[in-house]
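Input: one structure, supplied below.
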Amino acid sequence: MFRALRIAAVHPSKIVGGRCLATSSEFVQESPQLKNVFLEDTTLTSFFTRYVSKEDKPDIHDDLISFGARAATELLPLARQCEVEKPWIQHFDAYGKRVDKLHVSPAWHAMHNISAREGLIAIAYEDHGTYSRLYQACKLMLFASTSGLYSCPLAMTDGAVTILKFGAPSPVGDIALPHLLSRSESSFWTSGQWMTEKRGGSDVAAGTHTVAVGSGQLNSDHKLTGLKWFTSASDANIALTLARSTDSSGKPIPGGRGLSLYYVDVQENLKNGTITALRLKDKLGTRQLPTAELNLSDCVATKLSEDGRGIASISPMLTITRLHNSISSVSAMKRMVLLARDYSRRRTAFGKHIADFPLHLQTLARMEVETRGCTVMVLEVARLLSLREKGQATTEQEALLRLMVPLAKLYTGKQAVAVVSEGLEAFGGLGYLEDTGLPAMLRDAQVLSIWEGTTNILSLDVLRAMESTKREAFHAAIKFIKTTTESTGGAEASLGECCTTLAARTDAFCSAVSRLPVDAYPVAARDFAFSLSRLLIGSLLIDHAAWSKDEISIAAANRWCSRSDLVTLLSRSAYDASSQGMDSSLVFDGYLA
Ligand code: UCC
């Protein structure tokens with residue numbers, strides 16, 4: 001105590017580790033600045049302009065430019081406020097009445113209002129030409145990393161719109177849709193997506209225990225009883241969820257065939273006490289986001305699907321939320337790249353800017369190439385979805401979309417963690433300090449490979465996509481890569497080498513796939529998915545570079561295709577029984593029991 005007081009008598013800025021080092025003015029680092037996150041980003045602007053020209057849609061371009069500026073200025077401090085002023089639940093009022101009142105930061109409300117006014121959901125469903133969904137994806141890419149995690153309720157809201165708009169007609173849909181699509185702050189609603197129960201994170205079919213009691217009729221009210229273990233954005237107005245029907249003797253029908261899809265008016269049920277919030281989750285990141293454990297006790301819900309069609313009926317929502325997840329991944333990577341590159345021209349060490357050290361520059365360049373790759377992949381998914389939603393997608397594009405949604409989700413989710421982590425290091429010790437806001441970015445990135453399906457679950461979904469399209473998705477992907485490399489390789493000398501490499505690696509990949517026995521697919525799924533993602537990204541980068549002809553895009557395509565890990569799918573022996581036996585030995589026998 002006395003020692004601390006004695007030390008404090010010296011000016012605090014002069015004390016580091018108990019020694020006097022410098023005056024406060026000498027010790028100040030310049031903080032990194034964002035400018036206009038749309039205009040600064042040539043990958044985003046050029047990809048978008050390719051499909052939506054400035055001449056045809058000047059209003060859309062103006063909107064993205066103006067929002068790009070807002071994201072870097074007005075939104076950043078709001079996002080920080082959401083992180084600092086975390087949500088909390090007041091379970092009882094002063095007189096002992098159970099209230100379960102959720103308190104959120106005023107900044108969280110501000111994000112709700114901004115989302116409505118900016119039409120972050122509405123845009124996808126308004127008529128902005130063929131590429132409404134691509135326009136929305138670009139805008140969300142600008143928003144997500146400065147949204148204070150409001151990106152999460154938006155993802156689920158968008159998913160709910162898809163189900164209510166394109167699924168079977170329902171009176172509740174007629175009520176909710178105008179709110180979910182509203183651009184007015186006061187009438188804009190958000191939706192939750194409650195799929196997770198204690199035993200059902202990935203294995204939803206077996207692990208969902210919430211029971212629905214009612215007539216079983218479509219669009220009629222049922223009573224749901226059970227516990228929803230993770231409910232993100234629990235301040236939502238409505239939610240879509242799964243529950244299990246019972247047979248004639250009242251026993252829950254097991255497996256996926258027992259599950260149906262339901263619509264819940266969340267606020268009404270909270271008010272009536274048929275939903276109670278048990279607690280908010282204490283999470284590694286996404287602390288801005290109220291994620292609650294909710295107990296449903298005779299919760300009134302409207303049945304939206306036929307009996308046993310719950311998972312199939314909620315799957316279109318997963319397509320949308322997984323796209324949003326990929327957008328958020330890219331958004332996080334972009335923000336980190338922008339911050340790290342700006343900082344590299346401000347921070348000096350060893351007598352010069354750190355940007356002037358080739359090794360630091362190489363690190364930043366690698367982050368940039370990874371981010372560009374992920375950007376073109378996600379924008380391509382949004383483009384394909386735009387075409388499908390406008391009824392303009394070919395069967396081949398439909399199949400490619402089905403395959404690319406899980407690929408984009410799993411690939412970008414993992415890369416977001418890697419790039420954001422690398423970016424933190426580019427700030428040295430400052431990257432480890434909470435009040436820079438940088439550690440929160442890493443914590444928040446970690447969820448991107450977990451929620452909406454872990455990397456392995458998504459790898460298995462890639463196999464499901466191959467199966468459900470009778471391999472048409474796979475053939476469409478390979479055809480796209482081959483066509484791109486063949487047409488560009490001869491025409492663009494600067495891309496010739498990377499086209500040759502990519503074509504050769506694709507051949508190697510296809511021959512590894514053809515040698516794989518079908519029973520090895522599940523264990524090869526992850527290597528398969530990552531290899532196919534990298535090959536597809538390579539071809540998208542080449543395709544884009546050939547279109548834009550700009551030097552940087554050409555360099556990025558060349559860099560991407562020269563990476564040594566393009567194909568990680570190994571020979572069949574890597575996935576056979578003896579290899580799996582060795583996996584088991586390495587995991588379980590390498591330590592004394
Ligand atoms: O709830 C959550 C919200 C968190 C917050 C959201 C943030 C959003 C991002 C924000 C960015 C900032 S997170 C929890 C989400 N939970 C999951 O993602 C579940 C993970 N598990 C899976 O994905 C599994 O693969 C299941 C549950 C989808 C599949 O289980 P099953 O029982 O093995 O399914 P089946 O039998 O293979 O498929 C059942 C039906 C089939 O249709 P039919 O019967 O017509 O043949 C499948 O074709 O569902 C269809 N299906 C699909 N259809 C299954 N998956 C898909 C799919 N991906 N696309 C289309």
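Start at 1 and go down the list; that is how both ligands and their atoms are numbered. This one's a predicted model, so the numbers in the text were calculated from it and none came from an experiment.
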* To do: Assess whether atom CG of Asp282 is packed by more than 12 heavy atoms of other residues, nucleotides or ligands within 6.0 Å.
  =>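 No - once you tally the heavy atoms of other residues, nucleotides and ligands closer than 6.0 Å, there are 12 at most.
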* To do: Return a yes/no value for His324: is any of its N or O atoms, backbone included, closer than 3.5 angstrom to an N or O of ligand 1?
  =>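 For ligand 1, there is no N or O atom that lies under 3.5 Å from one belonging to His324.
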* Would you call Cys152 a ligand 1 contact, heavy-atom distance under 4.0 Å? -> yes
* Residues that Thr210 engages under side chain to side chain donor-acceptor pair (under 3.5 Å), provided they are two or more places apart ->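 For Thr210 the side chain to side chain donor-acceptor pair (under 3.5 Å) partners, ignoring immediate neighbours, are Glu197.
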* Asn237 and His179: side chain donor to acceptor below 3.5 Å -> no
* To do: Write out the residue and atom name of the closest protein heavy atom to atom 2 (C) of ligand 1, then the distance separating them to 0.1 Å.
  =>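 Its nearest protein heavy-atom neighbour is Glu452 OE2, 3.5 Å.
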* Under 4.5 Å between any side-chain heavy atoms of His103 and Ile89, yes or no? -> no
* Asked: What protein heavy atom sits nearest atom 57 (C) of ligand 1, and how far away is it?
  -> Arg402 NH2, 3.3 Å
* Once you round to the nearest 0.5 Å, how far does CD of Glu118 lie from CG of Asp63? -> 6.0 Å
* Short check: is a protein heavy atom less than 4.0 Å from atom 13 (S) of ligand 1? ->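 At least one protein heavy atom is under 4.0 Å away.
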* To do: Could you check atom 22 (C) of ligand 1 against the protein and tell me its nearest heavy-atom contact, residue, atom and distance included?
  =>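 Looking only at protein heavy atoms, the one closest to atom 22 (C) of ligand 1 is Ile457 CG2, 3.6 Å.
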* Do the non-hydrogen side-chain atoms of Val37 and Lys334 ever get within less than 4.5 Å of each other? -> no
* To do: For residues His112 and Glu185, report the shortest heavy-atom separation together with the two atoms involved.
  =>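 So the two residues come closest at CE1-O, 3.2 Å.
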* **Residues Arg534, Glu370: salt bridge by 4.0 Å N-O rule** => no
* Asked: If hydrogens are left out, which of Phe230, Trp451, Tyr150, Trp194 has an atom nearest to atom 5 (C) of ligand 1, that is, the closest non-hydrogen atom?
  -> Trp451
* Asked: How about atom 59 (N) of ligand 1: does it have a protein heavy atom within less than 4.0 Å?
  ->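 Protein heavy atom within 4.0 Å of atom 59 (N) of ligand 1: present.
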* Heavy-atom distances under 4.0 Å are what count here, so tell me which part of Ala205 touches ligand 1: side chain, backbone, both or neither. =>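 Contact part for Ala205 vs ligand 1: side chain (C-beta onward).
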* Any idea which protein heavy atom is nearest atom 21 (N) of ligand 1, and the distance to it? -> Ser202 O, 3.0 Å
* Run down the list Met195, Lys228, Arg464, Arg322 and name the one with the heavy atom closest to atom 23 (O) of ligand 1. =>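 Comparing heavy atoms across Met195, Lys228, Arg464, Arg322, the nearest one to atom 23 (O) of ligand 1 lies in Arg322.
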* Structure fact -> So the atoms of ligand 1 within less than 4.0 Å of a heavy atom of Ser151 turn out to be 12 (C)
* Asked: For the rings on Phe528 and Tyr521, is their centre-to-centre separation under 6.0 Å?
  -> no
* Go through the structure and list residues passing salt bridge (charged side-chain N to carboxylate O under 4.0 Å, His left out) with Glu380, not counting sequence neighbours. => Arg383
* To do: Please determine if Gln193 has a nitrogen or oxygen closer than 3.5 Å to a nitrogen or oxygen of ligand 1.
  =>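 Yes; the residue has a nitrogen or oxygen that sits under 3.5 Å from a nitrogen or oxygen of the ligand.
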* Structure fact -> among protein heavy atoms, the one nearest atom 19 (C) of ligand 1 is Gly201 O, 3.8 Å
* Which residue supplies the protein heavy atom nearest to atom 42 (O) of ligand 1, what is that atom called, and how far is it? ->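 For this ligand atom, the closest protein heavy atom is Ala312 CB, 3.8 Å.
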* Asked: Is the shortest N/O to N/O distance between Ser315 and ligand 1 below 3.5 Å?
  -> yes
* **Which residue and heavy atom of the protein sit nearest atom 44 (O) of ligand 1, plus the separation** => Arg309 NH1, 2.8 Å
* Under 4.0 Å between a Lys/Arg side-chain N and an Asp/Glu carboxylate O for Asp461 and Arg402? -> yes
* Asked: Any N/O of Ser232 closer than 3.5 Å to an N/O of ligand 1?
  ->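 No, since none of the N or O atoms of Ser232 sits under 3.5 Å from an N or O of ligand 1.
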* To do: Could you list which atoms of ligand 1 come closer than 4.0 Å to a heavy atom of Thr196?
  =>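 Result: 14 (C).
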* Asked: What do you reckon, does Gly453 have a nitrogen or oxygen under 3.5 Å from a nitrogen or oxygen of ligand 1?
  ->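 Yes.
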* Is Ser468 near ligand 1, meaning one of its heavy atoms is under 4.0 Å from it? ->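 No, Ser468 has no heavy atoms under 4.0 Å from ligand 1.
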* Structure fact -> Of Val417, Thr371, Leu338, Thr375, the one forming a side-chain contact (heavy atoms from CB on, under 4.5 Å) with Met333 is Thr371
* Asked: Is the count of non-hydrogen atoms from other residues, nucleotides or ligands lying under 6.0 Å from Gln267 atom CD greater than 12?
  ->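 Above 12, so yes.
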